[in-house]
2 protein chains.
Amino acid sequence: MSQEPARPTFSHLPADKQARVLNAALAEFADQGYHQASLNRLVARAGIAKGSLYQYFPNKEGIFRHIFQLALKLVRQTLVEVKETTAQEDFFTRLEKSLQAGVRFLQTHPRIYSLYLKIQFDRQTPCRQEFLATVRRHAGEYFGSLISRARTRGELRPGISEPAALFLLDAVFDRFLQAAAVPALDVTFNLHQAPEEIIQRRIRELIDLLREGLAA
Amino acid sequence: MSQEPARPTFSHLPADKQARVLNAALAEFADQGYHQASLNRLVARAGIAKGSLYQYFPNKEGIFRHIFQLALKLVRQTLVEVKETTAQEDFFTRLEKSLQAGVRFLQTHPRIYSLYLKIQFDRQTPCRQEFLATVRRHAGEYFGSLISRARTRGELRPGISEPAALFLLDAVFDRFLQAAAVPALDVTFNLHQAPEEIIQRRIRELIDLLREGLAA
DNA sequence: ATTTGGTATGACCAACTGGTCATGTCCCAG
DNA sequence: CTGGGACATGACCAGTTGGTCATACCAAAT
């Protein structure tokens with residue numbers, strides 16, 4: 001499918017040097033996006049020579065694919081973990097804990113989330129299709145399994161359209177995280193860099209609304 | 001606040017030439033974003049010389065501000081129009097018609113919507129703050145007025161958190177439009193370039209879900 | 001002491017960027 | 001016929017980009 005993005009030389013490197021390079025790369029791609037990312041800045045941040053970078057990776061896209069695969073692994077891990085640790089709860093508690101986990105992820109890996117957003121909205125980023133497909137598939141499976149178990153337990157209104165429910169959850173959760181991560185995005189929630197306590201209250205309000213609906 | 005982005009020379013131009021330049025600019029910015037947009041490509045598309053461009057506008061940012069103001073005007077217009085033409089309907093019908101109007105806008109002005117997305121997620125675009133604030137303000141006022149009238153009419157569940165409802169609507173609507181405009185974004189709705197009929201059905205399903213909630 | 005293989009380095013390259021400007025064209029007033 | 005102002009033009013500029021490469025370094029093996 002796609003050749004190894006990193007050269008063997010890179011894996012022989014002392015761990016701290018690898019880390020420096022990966023950190024610099026993640027930082028650069030996360031806050032500039034693929035095309036605006038500058039390899040000159042990257043090597044400056046990492047404290048290595050330009051030539052060295054090309055001993056580690058075949059080209060810019062190779063660097064990108066590498067850090068993108070690391071990011072993907074982390075996301076997968078997190079999703080699996082949340083799914084397992086909330087397996088015993090009822091549907092709406094699971095939703096609440098999932099959103100909380102999302103916020104935690106975003107706070108501990110802000111650059112990875114930023115990278116994710118960059119990829120999502122720059123149609124020309126390499127691997128975009130592959131990346132989005134993977135993430136959406138995981139999200140879909142995640143919400144899907146929550147929903148289908150909730151349905152067999154009778155926690156859902158009967159006759160609900162499953163695709164619609166999936167879409168709704170995906171939309172609301174994604175937007176919630178976006179609003180927490182990106183300034184000037186949400187109308188009234190003011191989630192960006194809001195204190196933990198407010199975020200928790202907002203999460204509960206939202207889940208309530210999803211559960212009970214808007215109508216009288 | 002900010003000087004006129006277009007030079008007088010530009011307004012003296014024959015209308016079709018103006019249109020050619022504006023079209024080329026919108027196209028370039030919409031599918032490349034601000035920084036990746038190339039003025040060389042732009043002038044090639046418009047069929048004018050590089051130098052001419054700088055007789056019309058002071059610099060790249062000036063061009064951007066100009067087309068961005070045109071876009072803003074169009075969005076404002078559309079919102080006002082929808083608000084007025086649905087004034088007589090009940091809350092959930094208004095929601096439905098609003099979403100339909102959004103989809104129509106996106107179909108008739110795909111490049112403007114694309115530009116909007118680019119601005120939303122590229123933190124470094126000029127005028128970003130100003131632009132987002134304006135759009136969000138309009139969206140907020142729009143949904144806000146819908147909600148508060150619905151409340152006085154008793155169409156809403158009492159005790160609903162208004163900010164939460166606003167956030168929910170904004171999130172779902174925006175994501176719906178995004179999914180319709182950008183490939184590979186939604187999990188299961190497959191809205192991208194879907195036929196009119198499917199889109200209408202999805203809208204109805206979503207509004208239903210918002211109205212009645214998820215819980216049994 | 002010499003050779004060898006992996007790694008480090010930064011000057012260098014072509015391609016492109018946003019932006020400038022001397023020159024040219026054209027039309028209209030004198 | 002002459003002059004002047006508005007507009008057109010593309011060669012040109014300095015700066016940056018992703019990428020290359022001859023050279024240098026340094027350990028271990030001979």
Side-chain angles (χ1 to χ4, degrees), chain A residues 3-22 24-29 31-68 118 122 124-127, chain B residues 3-22 24-29 31-68 118 122 124-127:
Chain A
Q3 52 183 344
E4 265 315 303
R7 295 245 160 86
T9 300
F10 185 62
S11 58
H12 301 158
L13 251 39
D16 70 305
K17 194 167 190 175
Q18 280 186 40
R20 251 168 44 224
V21 173
L22 291 179
L26 177 55
E28 185 65 19
F29 283 121
D31 54 53
Q32 304 288 340
Y34 179 78
H35 285 99
Q36 277 188 250
S38 155
L39 299 188
N40 292 322
R41 266 198 307 261
L42 198 162
V43 297
R45 287 205 213 198
I48 62 170
K50 183 90 157 281
S52 298
L53 194 59
Y54 283 85
Q55 305 242 26
Y56 309 152
F57 301 95
N59 50 37
K60 190 180 188 180
E61 186 171 331
I63 309 170
F64 186 75
R65 298 189 77 92
H66 190 82
I67 73 121
F68 140 94
K118 286 283 184 334
D122 181 2
Q124 317 210 35
T125 306
C127 335
Chain B
Q3 51 184 345
E4 263 318 301
R7 295 243 160 87
T9 300
F10 185 62
S11 58
H12 300 158
L13 250 41
D16 71 304
K17 195 167 191 176
Q18 281 187 38
R20 251 166 47 223
V21 172
L22 292 179
L26 177 56
E28 185 66 19
F29 283 120
D31 55 52
Q32 303 288 342
Y34 179 77
H35 285 98
Q36 277 188 251
S38 154
L39 299 189
N40 292 322
R41 266 198 307 260
L42 198 163
V43 297
R45 288 205 211 197
I48 61 170
K50 185 92 158 279
S52 298
L53 194 58
Y54 284 85
Q55 305 239 26
Y56 308 152
F57 301 95
N59 49 38
K60 191 181 189 181
E61 187 172 330
I63 309 171
F64 185 75
R65 299 190 76 92
H66 190 82
I67 74 120
F68 140 95
K118 287 282 184 337
D122 180 2
Q124 316 209 38
T125 305
C127 334

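Here is the naming used below: chain letters follow the sequence lines, and residue numbers restart at 1 for every chain. What's counted below: heavy atoms across the whole structure, side chains too, no hydrogens, waters or symmetry copies.
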Ring geometry between F10(A) and Y56(A) (parallel below 30°, tilted from 30 to 60°, perpendicular above 60°):
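Ring orientation, 0 to 90° scale: tilted.
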
Does S52(B) reach a base, just sugar-phosphate, or nothing at all? Heavy atoms under 4.0 Å.
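Base, at least one base atom sits under 4.0 Å.
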
Which is true for Y56(A) with a 4.0 Å heavy-atom rule: it touches a base, it touches only sugar-phosphate, or it touches nothing?
sugar-phosphate

Would you mind reading off the bend of the helix from dA1(C)-dT30(D) to dG30(C)-dC1(D) from its two end axes, five pairs each, to 10 degrees?
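The value is 40°.
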
Does [X] use its side chain to pair, donor to acceptor, with the backbone of [Y] at less than 3.5 Å?
| X | Y | answer |
| --- | --- | --- |
| Q18(B) | L13(B) | yes |
| E28(B) | S38(B) | yes |
| E61(A) | P126(A) | no |
| K60(B) | A37(B) | yes |
| R20(A) | A46(A) | yes |

To the nearest Å, give me how far apart [atom1] ([X]) and [atom2] ([N]) are.
| X | N | atom1 | atom2 | result |
| --- | --- | --- | --- | --- |
| N40(B) | dC13(D) | CG | P | 16 Å |
| Q32(A) | dG18(D) | CD | C1' | 16 Å |
| Y54(B) | dC12(D) | OH | P | 19 Å |
| H35(A) | dT16(D) | NE2 | C1' | 16 Å |
| H12(A) | dA27(D) | NE2 | P | 18 Å |
| Q55(B) | dT9(D) | CD | C1' | 9 Å |
| I48(B) | dT9(D) | CD1 | C1' | 11 Å |
| E61(A) | dG18(D) | CD | P | 13 Å |

Which is more 5' along DNA chain D, the nucleotide nearest T9(B) or the one nearest N59(A)? Just name the residue.
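Of the two residues, T9(B) wins.
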
Do K50(A) and dG19(D) have a side chain to base donor-acceptor pair shorter than 3.5 Å?
yes

Which two nucleotides bound the region of DNA chain C that has atoms under 4.0 Å from heavy atoms of chain B, read 5' to 3'?
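Answer, 5' to 3': dT17(C) to dC21(C).
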
pair Y54(A)-L39(A): side-chain heavy atoms closer than 4.5 Å
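In contact.
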
For Q36(A) and Q124(B), does a side-chain donor sit closer than 3.5 Å to a side-chain acceptor?
no

Yes or no on side-chain contact (heavy atoms from CB on, under 4.5 Å) for D122(A) and D122(B), after CA distance, side-chain angles and deciding distance?
CA-CA 9 Å; D122(A) 181 2; D122(B) 180 2; over 6 Å; no

